[in-house]
Each structure stands twice: as C-alpha cells, then as structure tokens.
Number of protein chains: 2
Amino acid sequence: MYAQAYFAYDSKKSGGVTISHLRFGTQPIDMPYLIDAADYIACHRQSYVKRFDLLRGIKDGGTFMLNCTWSDDELEHELPARIKRAIAKHHVKFYTLNGDAIGQKLGLGTRINMVMQAAFFALAKVIPLEDAVKYLKDSIVKSYGKKGQKVVDMNWAAVDAGVGEFHEVSYPASWADAVDEKTEGRPTTEYFEKVAAPVLGQIGDDLKVSDFTGREDGTMPSGTAKFEKAGPALYVPSWDHEKCIGCTQCSFVCPHATIRPVLTTEEERAKAPAGFQIAPKGKSGKEYGFTIVVDQLDCLECGSCANVCPTKALTMVPNDDDERGKMDLWYFAQDEVSPKANPQNKKTVIGSQFEQPLFEFSGACAGCGETPYVKLTTQLFGDRMMIANATGCSSIYGGSAPVAPYTTNEKGHGPVWANSLFEDAAEYGFGMFMGVDKIRKDLALKVEAAKAVASPELQAALSDWAANLLEGEGTRERADKVTALLEKEAAGKPVLEEFLAKKKYLVKRSHWIFGGDGWAYDIGFGGVDHVLAQDQDVNILVLDTEVYSNTGGQSSKATPTAAIAQFAASGTTTKKKDLGMMAISYGYVYVAQVAMGSDKNQLMKAMTEAEAYHGPSVVIAYCPCINHGIRKGMGKSQEEEKLAVACGYWDLFRYNPELKEQGKNPFSLDSKEPDYSKFQEFLEGEVRYASLAKGFPELAQSLYEKTVTDAKARRESYVRLQKGFEA
Amino acid sequence: MYAQAYFAYDSKKSGGVTISHLRFGTQPIDMPYLIDAADYIACHRQSYVKRFDLLRGIKDGGTFMLNCTWSDDELEHELPARIKRAIAKHHVKFYTLNGDAIGQKLGLGTRINMVMQAAFFALAKVIPLEDAVKYLKDSIVKSYGKKGQKVVDMNWAAVDAGVGEFHEVSYPASWADAVDEKTEGRPTTEYFEKVAAPVLGQIGDDLKVSDFTGREDGTMPSGTAKFEKAGPALYVPSWDHEKCIGCTQCSFVCPHATIRPVLTTEEERAKAPAGFQIAPKGKSGKEYGFTIVVDQLDCLECGSCANVCPTKALTMVPNDDDERGKMDLWYFAQDEVSPKANPQNKKTVIGSQFEQPLFEFSGACAGCGETPYVKLTTQLFGDRMMIANATGCSSIYGGSAPVAPYTTNEKGHGPVWANSLFEDAAEYGFGMFMGVDKIRKDLALKVEAAKAVASPELQAALSDWAANLLEGEGTRERADKVTALLEKEAAGKPVLEEFLAKKKYLVKRSHWIFGGDGWAYDIGFGGVDHVLAQDQDVNILVLDTEVYSNTGGQSSKATPTAAIAQFAASGTTTKKKDLGMMAISYGYVYVAQVAMGSDKNQLMKAMTEAEAYHGPSVVIAYCPCINHGIRKGMGKSQEEEKLAVACGYWDLFRYNPELKEQGKNPFSLDSKEPDYSKFQEFLEGEVRYASLAKGFPELAQSLYEKTVTDAKARRESYVRLQKGFEA
C-alpha cells in the first residue's frame with residue numbers, strides 16, 4: 001500500500017483553512033499535483049459548506065462526510081443549493097457525524113481529528129477497518145502515552161465513535177434542481193469581487209493573469225479585510241449603556257478593532273435603527289451622544305473588552321437572535337454617521353479612541369497582544385504613515401493576500417504598508433524614509449523660488465510649510481492649504497507646477513518599521529542597530545512576544561531564562577537581551593519600553609514622544625501571545641501585562657534625548673518598584689514557564705530563580721542609569 | 001584608436017605587485033585574456049628582476065624598459081642570467097631610466113608613475129609623442145590643479161624627464177649564453193617550492209591541478225611566510241647591547257615579529273657568529289644571556305621598535321654591509337638556539353616576549369596598528385588557538401595565498417586559522433567552538449568508564465584532566481600526561497582507544513574570532529551580538545581602526561564624528577557607536593577596551609582575563625592605520641595611541657563579570673581623567689581630521705567640538721557605570 005499527501009494551508013493566524021489531498025494505492029503514486037476528482041470528501045467544519053464550493057470535483061458515486069450539528073431536517077434548510085445539487089447530481093453517498101458532540105462527551109472538546117480519521121477509514125476502506133483501528137489505537141499510545149491512560153482512553157473512545165456513530169443521509173432526488181438562494185450582500189469593490197473573493201473561496205487557482213491587469217507593480221488595495229466577514233461570533237460583548245462611563249478602554253484594547261465608540265448628533269440618531277442607545281455618562285463632548293458598537297461578524301470573542309471594562313458595562317453573552325440584530329447598529333455607525341472632530345485630545349487614552357483605526361479585522365489570533373499597539377499607531381498617525389514590516393505574525397496578519405487590514409479614512413488617507421524580507425525591514429523602512437526625505441528637502445530648497453512667483457497668500461502658506469517641514473503635528477492641514485492655493489495658481493509657472501506634481505510629499509510622513517522580537521533582537525538586529533545609528537527620523541515598533549511566534553515559538557534573544565521554547569525544551573539558559581539599553585547607548589535614540597495593560601498613559605506618552613522626536617525611535621512593546629500559554633486565557637492578556645510589570649518581570653521606561661539637550665534627566669523609569677513576591681505567580685500562570693517544573697522539576701526552581709535574579713539585575717541597571725543622570 | 005587594459009593585483013597590504021596588461025589598436029579589441037606576447041615590457045622596481053621572470057613572452061625585437069639605479073656596468077653584475085638570456089636571444093631593445101633619481105630631484109619622491117608613463121609613450125609610439133605629452137600634461141592639470149601650480153609643475157617636469165632621460169643599453173651578444181648563478185637558499189618545504197614559490201614568482205597560472213594533490217580539502221600549511229623574505233630593508237634597527245635594559249618593548253610593538261629577544265646559554269654562545277652580544281642589563285634569568293636579533297629580510301622599516309625603546313638602545317640606520325652581516329645573528333637564533341622555559345611570568349609585558357610569536361612576517365603595512373595585538377595573542381595562547389577571521393585587513397595579512405604568517409612552535413603546535421565570509425566570522429568561530437566543545441564534553445562523560453579500565457596513574461591523570469576540563473592554563477601539560485599514559489595502556493580497551501583517537505581534543509582550545517570595526521560594528525555586528533549572547537567560551541578581538549581599512553577607508557559605525565572617510569567627505573555626522581557598552585548590557589560578557597601604546601599592562605590584564613573567563617569575551621583594540629594619515633608617520637603609531645588616550649579620544653576599561661559574582665565592582669575605568677586640552681592637537685595630527693578644516697573650514701570647528709563633546713559624554717557614561725556599581 002502506498003500513500004501520498006499534499007496539504008494546502010493558508011497563512012492566517014487564526015481561523016485558517018487546511019485542505020488535505022490524500023491518495024492511496026497499491027502502486028507507487030507519481031502524481032505531483034492536487035486532486036481534482038475525489039472519491040471521498042470530508043468537511044470538518046460545518047460553516048464551510050456556506051463559504052466554499054466543497055464538492056467541486058467529487059466523482060459520481062463518491063462519498064461526502066460532513067461534521068455538523070444539524071439533523072437531517074435541518075440539512076434541508078442549512079445546506080446551500082450548490083452543495084445539494086452536487087450531492088444529487090453525482091449520486092453522492094452523503095454521511096453526517098456530530099463530531100463536536102462526541103468531543104464534548106468524551107472530554108476532547110473541539111479536538112475531533114481522531115473521530116474524523118476513524119470515520120474516514122470506516123467509509124473509504126483503503127485498508128481493512130480492523131487494521132485501521134489497530135493502527136490508529138497504536139498511534140494514540142505512541143503519541144499520548146506519556147500524558148496518561150486517561151488521555152489514551154479518551155482518544156481510543158474517539159476512534160470507536162468515529163467508526164460507529166456516523167449516519168447516512170437519504171436525500172430527495174429534487175436536490176438536483178435546488179435553486180440558489182438570493183443573497184444580498186453589502187457593497188464591496190471590483191477588486192474584491194474579481195480577485196479576493198475567489199481566492200478566499202479557495203478557487204484562486206482559477207484566476208487568469210488578465211484578472212490582475214492594472215496591478216502589474218504588485219500593489220494591492222487596502223481596506224479589504226472588512227469585506228471578508230468570517231463571523232458570526234458565538235459569544236459577543238453586550239453593551240449596557242447605563243453602566244458605560246465612556247472611557248473607551250474596550251476599544252483601546254480590542255485586537256481586531258471590532259468594538260468602537262461612535263459619536264452621533266441628535267439628527268443622526270433620529271435615523272438610527274431600533275436599539276441604538278447613548279451612554280448618559282459617556283465622555284463625548286457636549287453636542288454628541290456616545291455609543292459603543294460591535295462588529296459581531298469580525299469579533300473573535302476574546303473578551304478583552306469585557307475584561308478591561310471598569311464598570312462591567314460589557315459582558316460576553318451568547319450571540320443569540322437578540323444580539324445578532326445589533327449588527328445593524330454597527331452598519332449604521334459605519335454607513336450613516338459622519339466622522340466627527342475629536343472632542344478630546346487625541347494624545348490621551350480616551351481621545352485616541354475617537355480616531356478611526358486604520359487597521360481593522362486582521363487575521364490575528366483572538367486576544368492577540370500585538371495588534372492593539374499596531375491599531376493605536378494607526379489611530380494616532382495612520383493618515384500619513386509609511387510602514388515597513390518585518391516578516392512574522394505582524395506581516396501575516398498585516399498583509400495576507402488577498403485582503404488587507406490596513407485601510408483609509410473618509411479622505412482616502414491611510415498607511416502605506418509593505419513587507420520585503422524577514423531580515424531587512426529596518427533597512428527597507430530606512431530606504432522609504434530616505435526617498436521621501438530627499439524629495440521633501442529638495443522641494444524645501446525651492447521654496448524661495450516658488451514664493452517669488454506666488455500670491456501673498458501662497459507665499460505665507462509656503463513659508464509656514466517650510467518652517468514646519470519636519471513637524472508631524474498639523475502637517476496635513478499645512479499641506480492641504482498649500483495644495484489648494486497651488487491648484488489655483490500653479491498653471492504656467494514651472495516651479496509651482498513642480499510643487500503641485502509632488503503635492504503628496506508636502507505632508508510629513510510618519511515612518512514606521514514594525515517587527516517582532518525574532519526580527520528586532522535576532523535576525524534583523526544588525527539592521528535595527530544600523531538604522532538607529534543613522535540618526536534619522538524613523539520609528540521602530542518592536543512587538544515583543546519573547547519568542548518566534550509566527551513559526552511556533554522558537555527561542556529568541558528576547559526569551560527570558562526559564563521560558564520553554566521550541567528547541568529549548570529544558571528552558572532557555574541565557575537571560576533576555578536588553579535591546580532598550582543597547583539603543584540608549586547611542587544617546588540620540590528615543591527608546592521606550594511599554595506594556596499597554598500596565599500603563600496606558602505611559603504608552604500614549606511613549607508613542608507620541610517617539611513619533612514627534614526628530615530622530616530615530618524604538619518602542620519595545622510587551623505582547624502576550626498564544627505561545628505563552630496564559631492560563632487565564634488570551635482574553636486576559638491585558639491583565640497579564642499588568643501583572644508582568646507589577647511583579648518586576650517587565651519594566652516600563654522612556655529615554656528621551658531631547659530632555660538631555662534641555663539639561664534634564666533623559667531617562668525616566670516609569671514603572672514603580674516591583675513586588676517581586678508576585679514573580680513566581682506570574683511565571684506559574686503561563687505554560688511556557690510552568691511546564692518547566694513538570695518536565696524538569698529540579699532544574700525549574702533554579703531557572704526560575706535565575707529569571708528573578710536577571711530581572712532584578714536589569715531593574716538595577718535602569719535605576720543606576722536614572723541616578724547616574726541625576727548626579 | 002582603441003585601448004584595452006587588464007590589471008592583475010595581489011592582495012598584499014604592502015609591497016604588492018601590480019601587472020598592467022595594455023593593448024592599443026585601430027580596431028576594436030576583443031581579447032578577453034591577458035597578454036602572453038608583448039611588444040613592450042616595463043619594470044618599475046629594480047628588485048623585481050631578481051624575483052620574477054619578467055621577460056617571459058617578450059616578442060623578438062620587443063622593448064624592455066627598466067627603472068633602476070644601476071649603471072650599464074652594474075647591470076652586468078646585477079641582472080640575473082635568465083633576464084640577460086631573454087634580452088639577447090630575443091634581440092630586445094633594452095632601455096634603463098633612473099626614475100627614483102628623477103623623482104628625488106623633482107621633489108616627487110618615490111612617485112615615478114608619470115616618468116614611466118611618459119617613457120612608455122616615447123618608446124612604444126602608440127600615438128604621436130607630441131599628442132601624448134599634451135594629453136599627459138592636460139591630465140596633470142585636471143588631477144592636481146587644485147593642489148597648486150607647484151605640484152603641476154613638478155609633474156610636468158616628470159613628463160619631460162620621462163621623454164628625455166632614458167638611455168639605451170648596448171649589451172654583448174654573449175648574454176645569450178649567460179649561465180644561471182648558483183643560489184644557495186635556506187631550506188624550505190616541498191609545498192613552498194612546488195606551490196607557493198611559483199605563485200609568488202607570478203607564474204601560478206602554470207600550476208597544474210595535480211600539483212594540489214593531497215590538498216583537496218583546501219587546507220594550506222602554516223608557517224610559510226618566513227620563506228618569502230621580500231627584503232632587505234633599506235633602514236634597519238641597530239641594537240646597542242650596552243644600552244639595552246631588556247624590557248622587550250621593541251619586540252612587543254613590532255608589527256612583523258622581526259625583532260625578538262633571544263636567550264642563550266654560554267655553551268650556545270660559544271658557537272655564535274661574530275658580533276653576537278648579550279646585554280649586561282637584560283632581564284633574562286640568571287642562567288641566560290639576553291640578546292635582541294633582527295630579521296632584516298622581513299623588517300618593513302617602520303621604526304616602531306626604535307621609537308618605543310626607552311633607552312635608545314635601538315636606532316634606525318642605513319642597511320649597509322656592516323648591518324647586513326647581522327642577518328647571520330637572526331639565523332643563528334632561529335637555527336641553533338634551543339627554546340627556553342620562560343624566565344618571567346608570561347602574563348606580563350616582558351614575559352610575553354619570551355614566548356615565540358606564532359604569527360610572523362605578515363603582509364601588513366609598515367607600522368600596522370593591528371598586527372602587534374594579533375601577534376601578542378599568539379604568544380599567549382597560540383599553541384592551542386582556533387581563529388575564525390572576518391574579511392578585512394586581518395584576513396588579507398592573515399591568510400593571503402600562497403603563504404601563511406601563522407606558524408607553529410618547535411612541537412608543531414600553532415593556531416588553526418580560517419576565513420569564511422566578511423559577515424559570518426562570529427558565527428563561524430562559534431561553530432568551531434561548538435564542534436570542539438561537544439567532542440570534549442562527550443569525552444568527559446566517559447571518564448569514569450575509562451578510569452574503570454585504567455592504571456592508577458592514568459586514573460589520576462584522567463581525574464585531573466576532567467576536573468580542569470575548561471581551564472586553559474596547564475591544559476597542554478595535562479593532555480600530554482594523559483596521552484602518554486594512553487599510549488601505553490589503550491591497546492585492546494575500546495574506551496581508552498577512543499580517548500587516544502581523540503587525543504587532540506584533550507587540550508582546551510582557545511577560541512578566537514578576529515575582525516575589524518567594519519565587521520564588528522557594522523556588517524558582522526548581528527553575528528557578534530548573537531554569539532556574545534550565547535554565553536559560551538569564545539573570545540572576540542576587534543581591531544578597531546575606526547574605518548573600513550582594507551577597502552580604502554569608508555566610514556563605519558566606529559568612525560567618530562569629525563573624521564573624513566570615503567563617502568563621508570565632509571566628515572561623519574554621527575558619533576562613534578559604543579560597542580563595548582552594548583556588550584556590557586548582557587552582564588555576562590567580558591568586555592575590555594585597550595590601546596597598547598597607552599597601557600601595555602592594562603592590555604596584558606585584558607587579554608589574559610578575557611581568555612581565562614569561561615564565557616564570551618570581547619576586546620576592542622585601538623589600532624592606528626595608514627588611513628588615519630598620522631602626520632608623525634606610522635612608526636609613531638604607539639605614541640599616537642598614547643596621545644589618543646591621554647586626550648580623552650579613547651578610553652581604557654575592563655568589565656569582568658566574575659568580579660560581579662564575587663560582589664566586587666565588575667567595571668574598571670582604567671585610563672585616568674583625560675586632558676581634553678590635548679584633543680585638538682590629536683585631531684590635527686591626523687589627516688582624517690585635519691583635512692576637514694581644509695575642505696570645509698566652517699564645518700570643521702563645529703564637528704571637532706562635537707567630537708570632543710561625544711568623547712566627554714562617552715567618558716561620563718563610563719564614570720556613571722563605575723559609580724553605579726559602587727553604590
């Protein structure tokens with residue numbers, strides 16, 4: 001017996017699709033291509049019947065196995081017409097199995113792989129069933145034996161259930177003539193319909209080269225993640241307007257930008273759908289009502305918003321019919337409510353959330369610790385950002401084809417985003433800066449020549465523009481003013497025409513380089529260091545999960561001593577590298593270390609100071625990650641960040657070279673003296689540390705202690721630095 | 001008229017050979033190969049007639065132009081027979097020109113290129129002579145116009161001299177039968193004769209693949225630079241034994257290991273050649289006499305030894321017949337004097353020089369600031385060193401094929417040396433460490449099994465070996481003891497046989513990674529950082545010239561603010577990166593910054609502590625370089641190092657993690673409070689700084705001031721660090 005397997009994955013961080021193409025035969029298999037005519041097709045997730053044309057290519061008389069919770073009667077209602085037609089026309093043997101119910105019953109939860117494998121062997125009959133069962137059970141002993149007899153027994157029971165509990169569906173011949181449901185979707189774009197939708201529907205291979213005409217340079221439109229709508233969530237945050245004080249922390253911490261404050265006038269509210277409420281205590285300026293809306297179709301149910309809510313105005317509830325109706329409130333806020341001038345200071349925690357996130361609905365994991373930082377940067381600087389992204393989680397959720405989570409505001413302004421390689425992000429972003437900077441400075445040199453042929457009004461606008469050439473604050477307004485006047489005056493005046501032709505360079509860009517610790521501490525560190533050393537106005541955001549998250553958790557130089565990582569199963573033995581301290585050694589680099597869950601105000605200061613500083617900046621952000629195995633769950637990642645700082649695991653600081661120039665202490669250790677007695681609690685709350693005690697009990701305690709010692713030594717070095725500058 | 005030119009260079013840092021292959025014609029030239037039949041051959045350096053078969057391939061009736069100081073009569077004596085035969089047999093038109101005399105007369109010194117070019121056009125007649133002269137003179141105006149009329153006039157005069165002052169030699173027909181002189185050379189090796197000598201003689205292209213049989217793995221024998229003997233030097237250090245106090249500083253600072261102390265017994269001296277003296281004040285232990293000997297055939301005449309001599313026992317004198325005779329003293333010391341046990345502590349300045357340099361006669365520039373450090377490491381640890389070398393000067397002078405300056409001692413032990421890429425030296429050296437470490441630790445795990453079948457004597461030796469597994473001090477003796485016993489006992493006992501088979505791993509290796517600042521601060525920094533972070537026992541030596549020396553002086557992140565470097569002609573504007581401070585941030589890395597010329601004792605401490613530390617070490621060594629344009633000359637590079645430290649340009653420090661473990665202050669700022677008033681004097685003493693004032697007078701002062709400010713800020717950060725650890 002020979003076998004061959006191809007697996008097709010997508011690159012989503014969560015909710016990704018895997019398709020397994022398996023061939024079996026008594027002859028060697030030499031078929032180096034995917035299967036396009038199948039004897040057996042199984043679907044392990046019921047929602048896929050609506051998203052994908054699953055039975056494309058099934059053979060006449062083939063078998064279709066669907067894992068679902070539906071009864072035969074419900075199938076009539078739930079199956080789309082195209083699936084019904086394929087079943088009936090090809091005389092498919094159609095089986096269902098409630099794998100999830102079996103999993104729950106056996107204590108395996110959502111792990112249904114064993115059930116579905118067993119069902120496959122029972123129906124596909126590639127080897128005698130009793131052999132298959134024996135092999136499966138042997139493999140279970142091999143894989144799970146170490147985890148104890150209970151786990152083995154559960155999985156053996158799953159095999160028996162898979163063999164015994166499926167059920168053949170008898171369907172009416174009339175399915176052959178099933179008629180497509182009329183679906184009325186929300187408007188998308190031509191690109192989305194022509195390119196993205198087929199790719200998302202797993203038929204991207206059918207696209208023709210000509211479908212990409214007009215995109216020869218490889219750029220892709222942004223703002224397309226919103227059309228994907230993978231939901232609906234099973235649990236959603238439900239908002240109690242009476243309790244809400246309008247602090248916007250829910251929106252601040254949301255990894256997917258699916259919960260947002262919305263400001264409405266009375267006039268707008270008059271047209272609102274039923275159930276649209278305003279919070280009496282909302283901090284929204286006098287003239288507006290304050291409402292929290294939820295995008296249930298993009299929410300990943302992490303619960304971060306509800307966990308962070310100080311007044312319990314948000315609770316996670318089952319997404320029943322009542323809740324589902326509230327999706328209309330989201331669409332109302334998106335479609336009918338006009339953008340409002342920020343009633344608060346956008347540099348504050350609350351004020352930042354009245355700015356539109358220009359990063360939304362990314363494919364990051366539920367509860368991701370990274371995306372709230374990324375989202376925040378787009379709220380603060382997004383309409384003039386250029387981002388070079390290292391490879392890693394942030395490049396996957398930031399730009400997985402065919403859709404883009406980076407988007408634009410009502411004026412069409414939003415981040416420019418690109419990823420080149422894992423290791424060159426710093427250099428790549430520096431190049432973006434150099435190109436733009438050169439053009440802008442060349443223009444600045446021509447201001448006097450331009451003024452010589454300009455109206456007094458344009459002269460004043462140009463002078464103002466040149467005087468504030470490098471200032472981000474207000475740059476859009478200055479650029480708009482110059483542009484408006486140029487449009488009136490430029491015709492026939494070459495120097496003004498040049499300014500007009502280069503009008504997009506009038507705006508001071510906000511240059512950012514994003515990447516994880518695998519990039520910043522290890523593989524891309526040479527570039528990070530080199531770019532920081534150049535003393536130019538670029539900003540680096542390090543999303544520090546202390547591990548190579550995207551590839552499954554290998555140890556990086558950001559990994560602390562006792563952490564278990566891939567290839568470091570008995571713990572890392574070297575302490576975490578102090579990237580911030582290294583950057584500080586330059587003296588002219590703005591450096592901050594932050595943790596949103598511990599101190600949002602410090603984070604806001606760090607982000608705005610870093611961006612405003614006319615030199616290189618690096619912000620190192622602590623990011624909980626699924627690879628940490630946080631026992632409380634990823635919905636508590638904000639709380640975990642708080643504990644990390646409180647126990648001394650992570651320090652908050654800012655080093656601002658401008659203060660030194662002013663004769664002040666440039667270094668501010670922002671997190672107070674930690675309570676090291678909580679350190680062990682923190683370590684034990686995460687599997688990456690806790691599992692060390694299980695696997696290597698003797699080693700664990702000494703490595704735990706070294707981790708504390710390392711953290712104390714690091715803190716001491718910060719205290720020394722702060723005191724040194726005081727003296 | 002068409003022209004084609006190929007230039008063949010060697011990679012020597014000094015005294016290298018360039019061969020220019022030029023073709024001219026009225027048709028386009030499509031000959032993608034070197035010239036093997038020449039109409040015109042010119043030799044610009046008279047000593048080459050003895051080293052190379054210059055007239056190989058000259059056409060019948062061709063022209064040979066020799067730049068030499070010889071009269072026609074002297075030619076009879078000076079020209080080797082093979083040159084005479086070629087001239088006579090091919091009826092060559094033979095001309096001479098005393099370019100050096102012309103250069104001296106015109107004030108051009110050794111710059112004879114213009115003279116020789118003019119002579120070429122006069123004799124080769126590729127274009128009308130008057131056109132050639134016009135073009136040459138126009139090109140002089142273009143190239144040197146900015147340097148003033150005087151320089152232009154000197155070069156114009158050189159052209160006129162080149163055209164007018166050559167002289168045709170009439171030679172006897174008997175030259176056709178000239179007979180080869182019998183030369184009695186010192187013994188070399190088969191490899192040298194078969195492979196190296198032809199390559200050095202510029203006929204390496206004639207070597208056959210079969211000549212490399214036995215070297216398929218690419219390894220090359222070490223200890224071959226000594227056979228090259230490019231000299232003799234025109235000026236050599238002459239030693240006055242009466243004045244010498246035996247401090248060995250001359251030997252310490254010599255870049256080429258061409259001046260050394262030698263210890264002799266009375267018995268040995270009885271066989272010494274005439275003129276072999278001992279210094280009455282030499283510090284050589286009671287039983288030995290102390291002598292300084294000079295290898296005039298490898299000395300590059302930098303004068304460092306004489307400049308550093310505290311008692312003026314050394315003076316640079318013309319290498320006349322008297323001096324030349326002293327080469328016999330060198331050979332006597334090499335061939336007849338037995339190695340002596342070191343009468344001093346080898347960890348001291350004086351003691352280190354009684355150890356044999358295992359790096360000698362490299363192709364580094366005269367007065368090179370790097371090679372004295374390299375040589376010193378080989379004196380201290382050379383018999384058990386493994387060196388991974390980054391690309392740069394140190395790889396060129398360290399391993400230019402076909403000869404190797406790294407050598408072995410009388411027991412055949414010496415450094416293993418290799419260069420892979422510019423950017424991977426740290427990783428490459430780390431791999432060497434990992435491989436050796438694994439084998440040694442595997443052996444250590446088998447010690448108990450070995451002891452079970454060993455004699456009591458071998459048991460004790462094995463126990464001692466295992467107990468000191470990671471100690472460098474005494475490792476050779478322990479390994480020799482075990483090996484000697486194994487040779488007696490191992491037969492038939494598999495575990496002992498395994499130890500014997502791996503006997504070379506019994507010695508604790510001293511792992512070193514060498515490179516310049518272009519490597520350590522820039523291109524290889526990612527690797528340097530990564531390897532330091534691994535907390536393993538490897539040593540990094542950074543030869544910091546503050547510039548990419550090997551490629552002609554481009555700016556690196558080690559280049560300070562006001563320095564003019566390639567592509568930074570108006571000065572660098574960012575301050576020097578603090579590599580040491582970055583390494584210190586790890587806490588477990590031994591870090592030292594040294595400058596031999598300022599404090600040899602501090603250097604000795606740094607080198608020996610770095611090597612002895614059972615973890616990663618990095619020693620950053622200040623190295624004057626020809627690219628600095630030191631006005632005093634490269635013979636004063638030690639003095640320049642002293643000034644650099646005294647004025648605050650360079651700080652000396654050591655950070656020793658072991659002290660921290662002992663509760664002591666790990667950081668020692670070893671150079672005393674600088675006298676910043678000397679800073680400007682230092683900068684103005686080097687062209688890399690001084691030329692800034694010429695080209696950009698306004699900018700220069702502000703950049704000078706920034707350089708001082710940067711140096712002060714850096715010093716302050718060291719003071720802060722030291723005080724911080726005290727508090």
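Here is how names work: the chains are called A, B, and so on, in the same order as the sequence lines, proteins then strands, and each is numbered from 1. Because the structure is predicted, anything quoted here is derived from the model rather than measured. Heavy atoms only: backbone and side chains are in, while hydrogens, waters and symmetry mates are out.
- Residue B/Glu698 qualifies as open at atom CD: its count of foreign heavy atoms under 6.0 Å is 12 or below.
- Proximity to chain A at a heavy-atom threshold of 4.5 Å picks out nothing from residues 420-432 of chain B.
- Heavy-atom distances place the side chain of B/Tyr588, and not its backbone, under 4.5 Å from chain A.
- Heavy atoms of B/Lys577 lying under 4.5 Å from chain A belong to its backbone as well as its side chain.
- Nearest heavy atoms, A/Gly587 versus B/Lys575: CA-NZ, 4.3 Å.
- By the 4.5 Å heavy-atom criterion applied to side chains, A/Tyr586 and B/Met582 are counted as neighbours.
- Taking 4.5 Å as the heavy-atom cut-off, the residues of residues 529-545 of chain A that approach chain B are A/Asp529, A/His530, A/Ala533, A/Gln534, A/Asp535, ordered by number.
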